[in-house]
S.K.: 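This is the structure I want to talk about, given as structure tokens.
Chain A is the first sequence line, chain B the second, and so forth, proteins listed ahead of strands; every chain is numbered from 1. These numbers come from a predicted model, not from an experiment.
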Amino acid sequence: MDQFLQQIMLVISQIPQGKVTTYGEVARMAGYPGYARHVGKALSKMPRDSKLPWFRVINSQGKISLKGEAASRQRKLLEQEEVNISENGRIRLKQYRWHPE
DNA sequence: TCTATGACGCTAC
DNA sequence: GGTAGCGCCATAG
């Protein structure tokens, strides 16, 4: 499980600025396909001020899965990276999704 | 051991 | 494109 966390963190740290990816993708890249929920769980335990670009991780629908203040924080951070977000809070994955080889 | 839960994904309509 | 349902897997109680 610790190994899982290490891999997750490694993958997330690889996400380039201005790009976003999904929980499922992160899990798969880390070598744990099907563990999307656990990615979110791991991130929820991380401190807000973590150095990791956790805000570049969104769900497969291109939406932020957080609520209230946390959600607006993430949205703000993404906007700072030139990621356009629709009025309904959706991000165009076609355009911003990052998928490595 | 069983049930509920979660920053999710995929398919069907 | 948007929502609803069901599946998935580890953890907490």
S.K.: Under 4.0 Å between a side-chain nitrogen and a carboxylate oxygen: does that hold for A:Arg28 and A:Glu25?
M.R.: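 Answer for the salt bridge query: yes.
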S.K.: Rounded to the nearest 0.5 Å, how far does CD1 of A:Ile85 lie from CD1 of A:Ile58?
M.R.: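 The distance works out to 8.0 Å.
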S.K.: How long is the gap from CH2 on A:Trp54 to CZ on A:Arg48, to the nearest 0.5 Å?
M.R.: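 Here the interatomic distance stands at 9.0 Å.
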S.K.: Can you tell me how far apart CZ (A:Arg97) and NE2 (A:His99) are? Round to the nearest 0.5 Å.
M.R.: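 Those atoms lie 6.5 Å apart.
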S.K.: How close or far is atom P of B:dA7 from atom CG of A:Leu52, stated in whole angstroms?
M.R.: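 Atom-to-atom, A:Leu52 to B:dA7, this comes out as 18 Å.
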S.K.: Atom CD1 of A:Ile8 and atom C1' of C:dA10: how far apart are they, to the nearest Å?
M.R.: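 About 13 Å, once rounded to whole Å.
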S.K.: So which one's nearest nucleotide on DNA chain C is more toward 5', A:Asn88 or A:Lys45?
M.R.: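 With A:Lys45 and A:Asn88 compared, the 5'-side residue is A:Asn88.
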S.K.: What's the shortest heavy-atom distance between A:Ala27 and A:Ile8, and which atoms?
M.R.: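 Answer, listing the atom of A:Ala27 first, then A:Ile8: CA-CD1, 4.4 Å.
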S.K.: So for atom CZ, which belongs to A:Arg92, do other residues, nucleotides or ligands contribute more than 12 heavy atoms lying within a distance under 6.0 Å?
M.R.: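 Open: at most 12 neighbouring heavy atoms sit under 6.0 Å from CZ of A:Arg92.
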S.K.: Given atom CZ of A:Phe4 and atom P of C:dA10, what is their separation to the nearest angstrom?
M.R.: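 It works out to 10 Å between those atoms.
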S.K.: Output the residues of residues 66-87 of chain A in contact with DNA chain C, where contact means a heavy atom of the residue under 4.0 Å from an atom of the strand; sort by number or write none.
M.R.: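 Nucleic-acid contacts, sorted: none.
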S.K.: Which letters describe nucleotides 8-13 of chain B, given B = protein heavy atom under 4.0 Å from base, S = only from sugar-phosphate, - = neither?
M.R.: BS----
S.K.: Side chains of A:Arg37 and A:Tyr23, heavy atoms from C-beta outward: is any pair under 4.5 Å?
M.R.: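 A side-chain contact under 4.5 Å is absent here.
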S.K.: Side chains of A:Pro100 and A:Met29: closer than 4.5 Å at any heavy-atom pair?
M.R.: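 Of all side-chain heavy-atom pairs linking A:Met29 with A:Pro100, at least one is under 4.5 Å.
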